[in-house]
Amino acid sequence: MTDTKKVRVRFAPSPTGELHIGGLRTALTCFLFAQKNKGTFILRSEDTDRKRFVKGAAERQLRDLYWAGLTIDEGCVLENDLIVEKGDLGPYTQSKRLAIYTKYVQQLLDEKKAYHCFCSADRLVEMREVQQAQKLPPKYDRKCLDLSEEEIKAKIDAGEKYVVRFKIPEGKTQFDDLVYGKIVVDNETLDDLVIMKSDGFPTYHLAVVVDDYLMKISHIFRGMEWLASTPKHVLLYDALGWGEDMPEFCHMANILNKNKKKLSKREGSVSVADFRAEGYPKEAIINFIALLGWNPKTEQEIFTMDELIDQFDTAKMNKAGGVFDLDRLAWMSKEHIKKMSVDEIYNEAISFLQEKDYFKNATSERQDESYIKKIIAVEQDRLEKFTQIGEDNQFFFVDVITDKDLLKWKDNSFDETKIVLTKAMDILSNINEDAWTRENLENILMDAAGDKRGDFLWPLRAALTGQKRSPSPFDCAWIIGKDETLLRIHKAIELI
Ligand code: GLU
């Protein structure tokens, strides 16, 4: 590939289920690289495995990508929530490209670089068992390699099923991977792979090579699990006469669990949809995913998408797998929520809040946008997810039931507690509604507390919240408002 070749990268998901965290990482890497190099980010749907096809999965995967901020320039894009194809090098859905694959398979057959194979599944199983018993690597034994034209024709005419296999040439195959460096394999170790299945569909290996070439892909980013297939792809490029236009390969290390094993679905949430439903901001998910396998080599840990684009560099990709650490995600999430505006948090969080019983049971005043935004302003720095709004402080929504003993600070008596609460009541009832601000309340109540903070502020906070732990009494008073504050103090005094 020449340096001047335009950057064109593709994400090529198979519509077999939800978008996985690993898939999002591949897509994000493509996106960052394309953005950084003013290139094109293409989405191709690899839907040739009809057995694993899941209806609606392609749409859901695309929605998740767009949700995360990865807009697609070409290929299968979303318009009005529907998948449409955009671009001149389509179709971008493999099942619509069957005639193209057939043409290239025929070319390889004509040039004797591929051959028909009529072996039954049973025979192949038997062959493998024998190889296993002899501790040989599983490899097709080329029984069908030398069938004559007549034999082939006779079998096809008789309705025998066949696949087409690529004949691995002799020699060695070599390529440079942007992460793993120079890879050399002895072709002896490679199996004559099937390129066309008996249903007339191409296999992944053929389709990926044909499509990447015809779609002028410059760089291939994909998971490590495809590294071992790449020599076969290199051989196919050569066999098809495209060796000069081979893309760059960049394989990404596995995402690992805490035990340093490859992350699997068995470990709970690994789909983007799950994390989304759990209330993590997309900025945090993107930040977290980006750093799984890519190291900016600075102290910085919190990145916006623009910063990621700016600093992304394939030279900083790790060979070792990145560990998927949920505590780190939670920390990043908290840092991103801190940076958001109250309005932004409100827009993201409101749908989660509306699902909560404490919200559903609240009066309409307490469901009001301006009321919730005050809660957000107070809780913002502690939130790890949007779902947590109000969770620890349900007294903002529903009435409190205070435990009498909770009102007392340390060894103070009930009488002392009553005096303190009465004093608070007096002070607060003298503050005008328009002076009922967060700042004023803090100044006035801190003044009143003097150096006896616990004695004064504890009973007040307990009266307002009914909880041992909560935001400060000034913040709570500010949120619930003057009337409710006085009412709760009054109830607490009555309780004593
Ligand atoms: N369809 C393949 C997958 O879902 C894509 C592999 C590739 O990028 O070449 O993993």
Side-chain angles (χ1 to χ4, degrees), residues 7-34 39-54 57-62 64-65 70 72 74-76 83 89 91-98 101 166 175 177-180 183 193-195 197 201-237 240 242 245-255 262-265 270-272 289 293 314 317:
V7 165
R8 288 175 58 83
V9 291
R10 85 315 190 258
F11 176 52
S14 299
T16 52
E18 300 302 316
L19 181 69
H20 200 256
I21 283 297
L24 181 64
R25 188 194 43 176
T26 305
L28 176 62
T29 310
C30 292
F31 178 82
L32 295 177
F33 189 73
T40 307
F41 176 39
I42 299 152
L43 191 132
R44 181 171 71 228
S45 181
E46 301 210 328
D47 63 342
T48 54
D49 190 345
R50 304 315 285 178
K51 286 192 215 100
R52 293 178 60 219
F53 180 82
V54 175
E59 285 79 1
R60 287 201 298 279
Q61 291 174 345
L62 277 185
D64 283 344
L65 290 177
L70 310 187
I72 297 153
E74 187 180 317
C76 299
I83 299 183
L89 300 176
Y92 296 90
T93 305
Q94 288 188 331
S95 59
K96 296 182 191 158
R97 299 173 63 80
L98 299 185
Y101 307 126
F166 176 60
F175 65 96
D177 186 89
L178 287 176
V179 173
Y180 293 95
I183 310 261
L193 58 144
V194 175
I195 53 176
K197 295 178 273 188
F201 274 70
T203 56
Y204 157 74
H205 302 293
L206 180 89
V208 80
V209 168
V210 169
D211 290 350
D212 285 339
Y213 172 75
L214 294 179
M215 292 175 190
K216 301 189 189 319
I217 300 303
S218 64
H219 295 74
I220 292 178
F221 291 94
R222 63 184 167 205
M224 165 82 173
E225 64 272 26
W226 300 111
L227 186 64
S229 301
T230 305
K232 301 175 193 168
H233 299 177
V234 170
L235 288 171
L236 278 168
Y237 273 95
L240 288 160
W242 302 333
D245 292 301
M246 194 107 58
E248 301 275 352
F249 294 100
C250 184
H251 289 89
M252 286 174 281
N254 287 331
I255 300 177
K262 193 175 171 197
L263 190 71
S264 81
K265 289 191 185 152
V270 282
S271 78
V272 177
I289 298 286
T314 50
M317 289 172 80

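Since the structure is predicted, the reported quantities are computational estimates derived from the model, not experimental observations. Remember, it's 1-based here, ligands and their atoms both numbered in the order they're listed.
On a distance-only criterion, I220 and ligand 1 share no N/O pair closer than 3.5 Å.
The closest protein non-hydrogen atom to atom 3 (C) of ligand 1 is A12 O, 3.8 Å. Nearest protein heavy-atom neighbour of atom 9 (O) of ligand 1: Y204 OH, 2.6 Å. Remark: minimum distance from atom 1 (N) of ligand 1 to any protein heavy atom is reached at E46 OE1, 2.6 Å. In this structure, the protein non-hydrogen atom closest to atom 10 (O) of ligand 1 is W226 NE1, 3.3 Å.
Under the side chain to side chain contact (heavy atoms under 4.5 Å, CB included) test applied with F11, the options L70, T29, T26, L28 reduce to a single match, T26. Of the candidates R8, K216, R44, R8 is the only one forming a salt bridge (charged side-chain N to carboxylate O under 4.0 Å, His left out) with E74.
Heavy-atom proximity to S14, at under 4.0 Å, picks out these atoms of ligand 1: 1 (N), 4 (O). Applying the 4.0 Å criterion to heavy atoms of V208 picks out, from ligand 1, the atoms 9 (O).
Taking 4.0 Å as the cut-off, F11 does not count as a neighbour of ligand 1 on heavy-atom distance. R10 counts as a contact of ligand 1, since one of its heavy atoms falls under 4.0 Å from the ligand.
Y204 and D49 form no side-chain donor-acceptor contact under 3.5 Å, judged by distance and modelled atom types alone. Counted by atom type alone, R222 and S229 present zero donor-acceptor pairs between their side chains at under 3.5 Å.
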- Task: Would you check, one step at a time, whether the test side chain to side chain contact (heavy atoms under 4.5 Å, CB included) holds for I42 with V9?
- Result: CA-CA 6 Å; I42 299 152; V9 291; over 6 Å; no
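You'll find the side chain of C250 stays beyond 4.5 Å of the side chain of F33, heavy atoms only.
Between D211 and R10 there is no salt bridge, since no side-chain N of the basic residue sits under 4.0 Å from a carboxylate O of the acidic one.
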